[in-house]
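Note that the structure is predicted; figures quoted are calculated from it, not measured. Note that the numbering runs from 1 along the sequence shown for the chain.
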Amino acid sequence: MAARENTLQRLGDSDLRVATVGYRLLTRNHALCPKRGSATGLVLHSLRQYGSAVRDDALREWKFPSPVSVEAIVPGSPAQAAGLRPGDGIEAVNDRRFSPGNEDKANATSQRDQLEQYLSGLDNTSLIKIYINRDGKSITSDLKPSPACSSRIEVVAGDAVKARSDGKTIQIGQAFAEPLDDAELAFVLAHELAHTIRGHRETLASLESAGTRAAKRKRQSLARQFEDEADLLALHLLQNAGWDPGTAPRFMRTRGREFDLLLPGGTHRRAAERAKRMEEAIARTPMRLTAPLPAEF
């Protein structure tokens, strides 16, 4: 049991750290994002997202007074200012209650995802009324969200995932994230956020769905260009959020070298070349962008 509880603790620590770094990136770069919404600082989870091997331990640890509950709170966030706490169960938001969804399969996250998507899409100029269950008592809290890029960021347990984005949700693997310091973690997330800002995933997906040889060739030619663009834009996202953009090339010259073995050479340059290109960009380019993005992005 102790080993399982340690697994849950490590995952919880990763969830909060990634959420904290992600909150800073999303809020301080919101002016650059074509899709904007709200950031609350709530780190949410649902009981059914935990595998059967640890689900009973998760229930003992967090109680889950509601199907979706607060796992953690980003320090200094609107959720903290509103008095929300880890362990609070989310009953409703504004006038909307959330259906259980299809939670029959193991590790289902639909309940949590549905609530997170709803929150991130709300108008950031209006108060959010959150109805919670705290120790069996019904409490209402008014939360004033921060303007942010309308993207979700989540940790994937285990080592199967490094980092990826589908244009809406940025995922980072727990095992990949844990050894990184906050600045390195910020670069990895910033690179994926850059793809989202530029709409790269949607462009590549549309070419893939076309199914023609011409579309396939176009997709292959754009893939490396998009990776280059994401590297460059990530430098500015780091600077805007208060991190040293020099972290990015340093990361690529050290930990980034493992990508040389994992990523296809056709879509990604070698880590050393990516580092050199970023160093050259830092030397010649002011590292703070405002909207709208310049044409080169």
Worksheet item: L193 and S151: side-chain contact (heavy atoms from CB on, under 4.5 Å), yes or no, with the steps?
Response: CA-CA 8 Å; L193 178 59; S151 295; 4.1 Å; yes
Worksheet item: Checking side-chain contact (heavy atoms from CB on, under 4.5 Å) for the pair V68/H45: CA distance, chi angles, key distance, verdict?
Response: CA-CA 6 Å; V68 178; H45 60 169; over 6 Å; no
Discussion item. Could you check whether atom NZ of K144 has more than 12 heavy atoms from other residues, nucleotides or ligands sitting under 6.0 Å from it?
Written reply: yes
Discussion item. Let me check something: do L185 and M252 share a hydrophobic cluster, defined by ILVMFWY side-chain heavy atoms less than 4.5 Å apart, either directly or through other members?
Written reply: yes
Worksheet item: Would you call K216 and L207 a side-chain contact if the rule is heavy atoms closer than 4.5 Å?
Response: no
Discussion item. Using the rule given for side-chain hydrogen bond (donor to acceptor under 3.5 Å, both in side chains), can you reason through E91 versus S66, listing the C-alpha separation, both sets of side-chain angles and the distance that settles it, and then say yes or no?
Written reply: CA-CA 6 Å; E91 298 290 338; S66 302; 2.6 Å; yes
Discussion item. S146 vs Y23, test: side-chain hydrogen bond (donor to acceptor under 3.5 Å, both in side chains). Steps then yes/no.
Written reply: CA-CA 9 Å; S146 296; Y23 176 87; 2.9 Å; yes
Worksheet item: L42 and I139: same hydrophobic cluster, using ILVMFWY side-chain contacts below 4.5 Å?
Response: yes
Worksheet entry | Candidates V188, V43, I172 - the one meeting side-chain contact (heavy atoms from CB on, under 4.5 Å) with V18 | I172
Fill in: Residues, nucleotides or ligands: over 12 heavy atoms within 6.0 Å of D135 CG
no
Response to the item:
Residues Q80 and I73: closest non-hydrogen pair is N-CG2, 3.6 Å
Worksheet item: Is it true that R60 and D57 have a side-chain N and a carboxylate O under 4.0 angstrom from each other?
Response: yes
Discussion item. Is there a continuous path of hydrophobic side-chain contacts, each under 4.5 Å between heavy atoms, that joins L180 to V21?
Written reply: yes
Worksheet item: Going from CG on D142 to CG on L127, what distance comes out if it is rounded to the nearest 0.5 angstrom?
Response: 5.5 Å
Discussion item. Tell me every residue that passes ring pair (Phe, Tyr, Trp, His ring centres under 6.0 Å) with H30, counting only those two or more places apart in sequence or in another chain.
Written reply: none
Worksheet entry | Exceeds 12 heavy-atom contacts within 6.0 angstrom, atom CZ of R250 | yes
Worksheet item: Backbone N or O of R96 within a donor-acceptor pair of the N94 side chain at under 3.5 Å?
Response: no
Item to complete: Test R284 against E279 for salt bridge (Lys or Arg N to Asp or Glu O under 4.0 Å), laying out the working first.
Response: CA-CA 9 Å; R284 69 173 181 264; E279 288 164 347; over 6 Å; no
Discussion item. Do T20 and P75 have side chains that approach each other closer than 4.5 Å (heavy atoms only, starting at C-beta)?
Written reply: yes
Worksheet item: Just wondering, do R36 and S150 contact through their side chains at under 4.5 Å, heavy atoms?
Response: no
Discussion item. Would you say that T247 contacts E184 through its side chain, given a criterion of any heavy-atom pair below 4.5 Å between the two side chains?
Written reply: yes
Discussion item. If the condition is ring pair (Phe, Tyr, Trp, His ring centres under 6.0 Å), which residues does F226 pass it with, not counting sequence neighbours?
Written reply: H200
Worksheet item: So how far is it from R201 CZ to T196 OG1, rounded to the nearest 0.5 Å?
Response: 8.0 Å
Worksheet entry | Audit row: E227, R269, salt bridge (Lys or Arg N to Asp or Glu O under 4.0 Å) steps and yes/no | CA-CA 8 Å; E227 292 302 324; R269 297 179 189 272; over 6 Å; no
Item to complete: Find out whether D13 and L11 are in side-chain contact, i.e. whether some heavy atom of one side chain is under 4.5 Å from a heavy atom of the other.
Response: no
Worksheet entry | Spatial distance of atom OG1 (T40) from atom CG (N124) [nearest 0.5 Å] | 12.0 Å
Discussion item. For a quick test of reading the model, state the closest non-hydrogen atom pair linking A194 to A234 and the distance between them.
Written reply: CB-N, 4.2 Å
Discussion item. If I take atom CZ from residue R270 and atom CZ from residue F259, how far apart are they, to the nearest 0.5 angstrom?
Written reply: 13.0 Å
Discussion item. Could you measure the distance from the CG atom of N29 to the CD atom of Q239? Nearest 0.5 Å is fine.
Written reply: 10.5 Å
Discussion item. A quick test of your reading: do over 12 heavy atoms of other residues, nucleotides or ligands sit less than 6.0 Å from CG of D166?
Written reply: yes
Worksheet item: Is a donor on one side and an acceptor on the other found under 3.5 Å between the side chain of R48 and the backbone of Q111?
Response: no
Discussion item. Determine whether E178 and R17 satisfy the following criterion, salt bridge (Lys or Arg N to Asp or Glu O under 4.0 Å), listing intermediate values before the conclusion.
Written reply: CA-CA 9 Å; E178 282 182 334; R17 191 164 77 96; over 6 Å; no
Fill in: Minimum heavy-atom distance between A271 and D260, given as atom pair plus value
N-OD1, 2.9 Å
Fill in: Under 3.5 Å donor-acceptor, R255 side chain and F251 backbone
no
Fill in: Verdict with supporting geometry, I153 and T169, side-chain contact (heavy atoms from CB on, under 4.5 Å)
CA-CA 6 Å; I153 298 177; T169 299; over 6 Å; no
Item to complete: Specify the closest pair of heavy atoms between I197 and C33, including all atoms of both residues, with the distance to one decimal.
Response: CG1-SG, 3.7 Å
Worksheet entry | Non-hydrogen side-chain atoms of V70 and R85 separated by less than 4.5 Å | no
Item to complete: Among Q171, H195, E192, find the residue that satisfies the side-chain hydrogen bond (donor to acceptor under 3.5 Å, both in side chains) test when tested with R164.
Response: Q171
Item to complete: Dump the intermediate steps for side-chain contact (heavy atoms from CB on, under 4.5 Å) on F187 and D231, then the final yes or no.
Response: CA-CA 9 Å; F187 166 62; D231 277 348; 4.1 Å; yes
Worksheet entry | Short N-O contact, R219 and E208, less than 4.0 angstrom | yes
Discussion item. Give me the atom names and distance for the closest heavy-atom approach of R112 to S46.
Written reply: CB-OG, 4.2 Å
Worksheet item: Does the side chain of Y118 reach to within under 4.5 Å of the side chain of V93, using non-hydrogen atoms?
Response: yes
Worksheet item: Nearest 0.5 Å, what's the CG-CG distance between L189 and L237?
Response: 11.0 Å
Discussion item. Taking the six-membered ring of W243 as reference, does the cationic atom of R28 (NZ for Lys, CZ for Arg) lie under 6.0 Å from its centre and within 45° of its axis?
Written reply: no
Practice prompt. Tell me whether L233 is reachable from L222 by hopping between hydrophobic residues (I, L, V, M, F, W, Y) whose side-chain heavy atoms are closer than 4.5 Å.
Written response: no
Worksheet item: Do L143 and Y131 belong together in a cluster built from hydrophobic side chains that touch within less than 4.5 Å?
Response: no
Fill in: For A92 against R97, the heavy-atom pair lying closest together
CB-CG, 3.7 Å
Practice prompt. Go through the steps to decide whether Q117 and D113 satisfy the test side-chain hydrogen bond (donor to acceptor under 3.5 Å, both in side chains), and finish with yes or no.
Written response: CA-CA 6 Å; Q117 289 164 1; D113 295 350; 5.4 Å; no
